[in-house]
2 protein chains.
Amino acid sequence: MAGWEAVRDEVLRRIRARVWPPGAVIPGEEALAVEFGVARATVNRALREVAESGLLERRRKAGTRVAVLPVRKATLEIPIIRQEVEARGERYSQRVLAERMDPVPLAAALRMGLAEGVDLLFLETLHLAGGRPFAHEVRWLNPAVLPGGELPDFRHISANEWLVQNVAYTIGDIAFSAEAASPEEALALGIRTGDPVFVTERVTWSGEAPITFVRLLHGPGYRLRTML
Amino acid sequence: MAGWEAVRDEVLRRIRARVWPPGAVIPGEEALAVEFGVARATVNRALREVAESGLLERRRKAGTRVAVLPVRKATLEIPIIRQEVEARGERYSQRVLAERMDPVPLAAALRMGLAEGVDLLFLETLHLAGGRPFAHEVRWLNPAVLPGGELPDFRHISANEWLVQNVAYTIGDIAFSAEAASPEEALALGIRTGDPVFVTERVTWSGEAPITFVRLLHGPGYRLRTML
DNA sequence: CAGGTCATTATGTATAGACATAATAACGCA
DNA sequence: TGCGTTATTATGTCTATACATAATGACCTG
């Protein structure tokens with residue numbers, strides 16, 4: 001046995017085979033290091049990875065135990081829409097439907113932690129894949145946090161892509177839901193009013209300042225996929 | 001500066017402040033170790049974490065560069081439904097609507113990589129929060145991979161919870177989508193036919209063998225939340 | 001100049017040893 | 001018995017050093 005990946009695999013095997021049943025305390029790092037013939041740091045690396053996936057719980061002094069009700073963790077990759085479309089082998093394009101400074105409505109203000117009525121840049125965009133509607137985007141953008149105060153021409157670069165390249169935000173939160181399309185949304189996406197749409201809402205922050213709130217709608221047939 | 005977290009934070013700051021602009025190659029681990037006054041292993045740990053979040057790209061010999069179009073990664077935590085309900089402060093209960101051996105239909109067979117018509121255990125369950133419908137679950141379970149061939153009474157423990165405790169599966173994939181509720185689904189969830197439902201479909205495997213395919217429906221108002 | 005070979009280089013990983021930290025368990029005192 | 005203090009212990013992290021590995025780029029050859 002050599003390498004932390006081999007140690008990790010053996011640990012996973014023992015958990016799956018119930019050699020170490022749920023709730024049981026497993027041997028300490030030192031003991032495992034001796035058993036596997038590796039250094040403690042190697043065992044540590046392996047156990048840390050498994051713990052991050054949720055299958056082990058580690059606490060100082062208490063030791064490492066197999067999780068009783070492991071909370072499974074999946075990693076979602078959130079690509080830029082252009083990349084998502086091009087990965088399907090379709091041509092990406094976009095149409096800016098609206099672009100203006102506007103007092104932020106209550107719902108968006110709450111999510112961004114701003115006062116209602118503050119003036120933000122409002123952007124409404126339709127993303128197309130091979131000329132057909134792919135997603136409808138509504139976005140409020142906080143101009144206060146923009147570098148240099150310069151804004152690009154959003155008809156040539158999508159807001160998302162520009163932000164990702166120009167404002168390296170680090171935190172945010174996302175929520176997904178299913179809703180019925182409003183008449184305006186249905187019209188933009190070329191579907192019927194009331195059709196189910198997949199909604200992604202995202203708020204991103206740069207440090208303390210909110211950057212943007214996006215509401216992204218995907219029409220019927222859209223699937224968000226990930227691996228466990 | 002001491003500790004890999006401090007190094008990581010400083011690296012993030014430099015990326016955000018564009019000291020290291022997108023696409024730029026950053027100094028090597030050795031140089032950073034000298035600059036920060038830590039060992040190379042500490043820098044390595046910090047850079048590895050940042051790279052995992054998608055903001056840096058590392059390649060042997062080529063060095064480490066700031067990602068031009070970082071693919072943002074979010075971690076989804078997938079709890080057991082009972083925990084999800086109880087975390088909202090509501091009482092969890094469930095009703096088993098159907099439980100029988102049944103030839104697997106084509107759609108489910110394809111996802112599980114099985115031949116159509118193989119006999120699987122079919123389970124239909126309604127999950128309730130405070131007595132009100134919370135989610136509707138349809139599941140095919142492969143009896144071949146069950147430990148000892150013993151099955152529990154699914155009226156007392158949910159299939160998900162039992163599986164998590166008794167079959168430590170390690171891989172699978174998940175897809176989310178928005179669909180219109182069928183008449184049967186609407187009836188079970190107490191909503192109207194055609195109302196948008198949030199659909200989670202999950203396939204899990206234990207090594208090579210498929211364990212289960214679940215289709216989980218949440219009615220209007222459900223939000224799946226995560227952090228960036 | 002094309003194509004294959006090899007040296008170079010930055011990251012990837014392993015190791016032994018050390019100290020830090022948090023949490024438990026043992027202890028002692030009122 | 002109950003409670004605060006202390007010792008113990010397993011994990012968490014850091015260091016210095018070494019070797020492995022992959023990928024680049026230079027070199028050599030036909």
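So you know, we letter chains A, B, ... as the sequences are listed, proteins then strands, and number each from 1. Hydrogens, waters and symmetry mates are skipped; everything else that's a heavy atom, side chains included, is used.
- Side-chain N/O atoms of Glu124(B) and His136(B) include a donor and acceptor closer than 3.5 Å.
- Regarding contacts with the backbone of dT13(C), a side-chain N or O of Arg45(A) is found under 4.0 angstrom from either OP1 or OP2.
- With distances taken from any side-chain atom of Glu29(A) to the nucleotides dT11(D), dT13(C), dT24(D), the minimum falls on dT11(D).
- Phosphate contact (OP1/OP2 of dT11(C), side-chain N/O of Thr64(B), threshold under 4.0 Å): present.
- Atom-to-atom, CD of Glu57(A) to P of dA10(D) comes out at 18 Å; the value is rounded to the nearest Å.
- One can place CZ of Arg48(B) at 11 Å from C1' of dT11(C), the figure rounded to the nearest angstrom.
- Out of dT15(C), dT24(D), dA18(C), the shortest distance to the side chain of Ala39(A) is found at dT15(C).
- Distance, Glu30(A) CD to dG17(C) P: 10 Å, rounded to whole Å.
- Of the candidate nucleotides dT13(C), dT9(D), dA10(D), dT9(D) has the atom nearest to the side chain of Lys61(A).
- Aromatic rings from Phe198(A) and Phe198(B) are positioned such that their centres are separated by under 6.0 Å.
- If you check dA10(D), dT24(C), dT11(C) against the side chain of Arg60(A), the one that comes closest is dA10(D).
- Salt bridge present: Glu29(A) and Arg58(A) bring a charged side-chain N and a carboxylate O closer than 4.0 Å.
- When the P atom of dG12(D) is taken as reference, atom CG of Leu47(A) falls 9 Å away, rounded to whole Å.
- Under 4.0 Å is where a charged nitrogen must lie from a carboxylate oxygen, and between Glu35(B) and Arg14(B) at least one such pair does.
- Note on Thr42(B): every side-chain N or O is 4.0 Å or more away from OP1 and OP2 of dT13(D).
- Between Glu49(A) atom CD and dT11(D) atom P there is a gap of 17 Å when expressed in whole angstrom units.
- For Arg65(B) and dT24(D), the CZ to C1' distance is 12 Å, given to the nearest whole Å.
- Side-chain proximity of Arg40(A) to dT13(D), dT24(C), dT15(C): nearest is dT13(D).
- Set against dA23(D), dT13(D), dT24(C), the side chain of Arg59(A) has dT24(C) as its closest nucleotide.
- Neither OP1 nor OP2 of dA10(D) sits under 4.0 Å from any side-chain N or O of Arg58(A).
- The nearest whole Å value for the distance from the CH2 atom in Trp4(A) to the P atom in dT13(C) is 6 Å.
- One can place CG of Asn44(B) at 18 Å from P of dC19(D), the figure rounded to the nearest angstrom.
- The pair Arg215(A)-Glu201(A) counts as a salt bridge, with a side-chain nitrogen and a carboxylate oxygen less than 4.0 angstrom apart.
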